[in-house]
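Just so we're on the same page: letters track the sequence lines, and every chain starts at 1. Treat the numbers as computed from the prediction; the structure is a model and nothing was measured.
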There are 2 protein chains.
Amino acid sequence: MAKEEKLTHSEENYLKVIFQISGQSRDRVSTNALADKLCTKASSITDMLKKLADKKLIGYKKYNGCELTTKGESIAVEIIRKHRLWETFLVSKLSFGWDEVHDVAEQLEHIRSLKLIDKLDQFLDYPKFDPHGDPIPDKDGNITYRKSKIRLAESAVNTLVEVVSVDEDSQSLLKYLDEIGLKLGSGIKVFERIPFDGSLKIEIVGGQKMYLSEKVAENIGVRFIEKL
Amino acid sequence: MAKEEKLTHSEENYLKVIFQISGQSRDRVSTNALADKLCTKASSITDMLKKLADKKLIGYKKYNGCELTTKGESIAVEIIRKHRLWETFLVSKLSFGWDEVHDVAEQLEHIRSLKLIDKLDQFLDYPKFDPHGDPIPDKDGNITYRKSKIRLAESAVNTLVEVVSVDEDSQSLLKYLDEIGLKLGSGIKVFERIPFDGSLKIEIVGGQKMYLSEKVAENIGVRFIEKL
DNA sequence: CTATTTTTTTAGACAAGACTAAAATTTTGG
DNA sequence: CCAAAATTTTAGTCTTGTCTAAAAAAATAG
Ligand SMILES: [Mn+2]
Ligand SMILES: [Mn+2]
Ligand SMILES: [Mn+2]
Ligand SMILES: [Mn+2]
């Protein structure tokens with residue numbers, strides 16, 4: 001085995017964010033994109049990219065962004081696994097709301113222990129998805145993405161869809177969804193798309209009929225169930 | 001309310017260790033004692049003591065050690081509460097051994113969340129002692145010390161005592177105690193103290209008769225039950 | 001009570017991770 | 001294609017927490 005890499009919290013965060021920005025297509029990630037997401041200045045990003053490149057965790061070419069190496073990616077996935085398992089723990093064992101867990105998980109994801117995460121996984125009975133519907137990587141780093149997920153904002157009118165994920169970045173969105181009774185697993189009937197602002201006339205199955213702004217609809221992942 | 005103090009992990013560790021070294025009698029703590037326990041150089045300690053004194057978390061006088069202020073003490077106790085609750089979680093929910101939890105708890109004790117620790121406390125059903133028999137401070141920072149605890153090394157011969165705590169600092173001690181079947185709550189019959197090396201001839205009630213070195217006996221806390 | 005030893009502090013340095021300002025490179029629009 | 005704009009990098013600074021070496025103060029021993 002190679003020597004034990006001990007990364008700082010900061011380095012771990014960079015790897016995680018590079019992974020997230022590069023998406024499933026594994027695109028190269030630009031300096032500015034990282035600066036935005038990490039709330040730091042571009043110059044700080046450049047410094048860190050050099051450091052990560054020295055450690056062979058990313059590929060980096062001046063003025064051309066970066067991409068994770070195999071090693072960097074496996075560390076990123078490990079952090080994401082920890083983050084999502086902790087979120088699941090907080091919601092299902094400590095009864096946190098889904099809007100309250102992300103910030104705490106940002107801290108917990110950096111706890112280093114050979115044993116802890118696998119025990120936690122077992123304790124939670126090997127959950128496949130976190131409280132926001134995002135897939136939890138398994139012990140070997142495999143991520144099972146939902147095949148047919150689309151944004152609610154893009155679903156056709158006169159269809160029934162099921163909510164499979166919500167973007168976790170905004171606490172106020174999550175609170176709003178709580179208020180209107182929209183959860184993972186909710187059925188949503190999409191009746192009409194208002195041309196003026198792209199908002200949707202919908203019915204939450206078993207709940208209310210209402211309008212959802214396009215912005216909200218862009219932050220909800222759904223899968224098609226049937227035509228109405 | 002005063003402004004939210006955000007301390008670094010390092011600052012929190014210093015406060016915790018000052019609290020631990022100063023003991024129940026709240027003695028002043030010397031620079032070298034801190035350096036030993038924190039595995040840093042005395043010069044680093046001096047630097048940090050100045051910083052903590054500036055923040056009114058300790059009283060510090062040159063060449064005369066330090067002591068916690070009320071504010072510093074309440075932060076120290078909070079860290080210790082978190083540490084011991086996490087250790088309890090690891091043992092009672094994730095089935096860690098008592099020798100495996102301290103290092104992980106050293107990390108977990110720094111997780112900042114208004115809600116997390118109280119939820120965890122509730123989830124664990126408000127435990128009074130951690131896996132090593134140390135008292136867990138309550139939400140308000142009150143610590144209920146066991147009144148009549150003594151070191152096994154100091155107990156009289158021909159007595160029956162009960163194990164109420166073990167020093168957690170050495171993982172190898174804890175493993176050894178596992179091996180010989182000595183747990184919290186075990187009864188111990190103390191038969192004889194060997195003058196040559198201070199070792200004790202004992203019987204673990206329900207277990208084996210054996211000799212314990214003085215060093216081991218110094219690391220076990222017991223309470224007197226009865227004369228034999 | 002003074003000389004030696006021990007403890008503690010000061011001074012100066014360094015690495016990590018951030019920032020600002022300025023320079024270099026790439027991209028874009030006419 | 002070229003000038004202006006946007007992006008990225010470099011250079012230099014700062015803070016935190018650590019270190020070593022040297023100086024200062026306190027404790028100890030004869
Ligand atoms: Mn999250
Ligand atoms: Mn999540
Ligand atoms: Mn511990
Ligand atoms: Mn303990």
Applying a 4.0 Å non-hydrogen cut-off, can you work out what [X] is touching in the nucleic acid: base, sugar-phosphate, or nothing?
X: A:N64; answer: nothing
X: A:T40; answer: sugar-phosphate
X: B:S43; answer: base
X: B:S10; answer: sugar-phosphate
X: A:T31; answer: sugar-phosphate

Between [atom2] on [N] and [atom1] on [X], what's the gap in Å once rounded to a whole number?
X: B:K41; N: C:dA11; atom1: NZ; atom2: C1'; result: 17 Å
X: B:N32; N: D:dA27; atom1: CG; atom2: C1'; result: 13 Å
X: A:L49; N: D:dT7; atom1: CG; atom2: P; result: 16 Å
X: A:Y60; N: D:dT10; atom1: OH; atom2: C1'; result: 10 Å
X: A:I45; N: C:dA18; atom1: CD1; atom2: P; result: 8 Å
X: B:L52; N: C:dT9; atom1: CG; atom2: P; result: 13 Å
X: B:L34; N: C:dT9; atom1: CG; atom2: P; result: 10 Å
X: A:D47; N: D:dT9; atom1: CG; atom2: C1'; result: 9 Å

- [ ] Kindly give the heavy-atom pair with the smallest separation between B:A42 and B:T31, and that separation in Å.
- [x]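 Here B:A42 and B:T31 meet closest at O-CG2, 3.6 Å.
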TODO: Verify whether one side chain among B:D27 and B:S25 offers a donor that lies under 3.5 Å from an acceptor in the other.
DONE: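 Looking only at side-chain atoms, B:S25 and B:D27 do form a donor-acceptor pair, the distance falling under 3.5 Å.
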TODO: Say whether A:S10 and A:T8, considering side chains only, have a donor N or O and an acceptor N or O under 3.5 Å apart.
DONE: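 Short answer, no.
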If the cut-off is 4.0 Å, is [X] near the phosphate of [N], judged by side-chain N/O to OP1 or OP2?
X: B:K62; N: C:dT10; result: yes
X: A:Y14; N: C:dA18; result: yes
X: B:K50; N: C:dT10; result: yes
X: A:Y63; N: D:dA6; result: no
X: A:S44; N: C:dA18; result: no

Task: Pair B:D121 + B:R81: basic N to acidic O under 4.0 Å - done: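 Salt bridge flag = yes for B:R81 with B:D121.
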- [ ] Flag the pair B:K175 and B:E100 as a salt bridge only when some basic side-chain nitrogen lies within less than 4.0 angstrom of an acidic carboxylate oxygen.
- [x]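 No, B:K175 and B:E100 are not salt-bridged.
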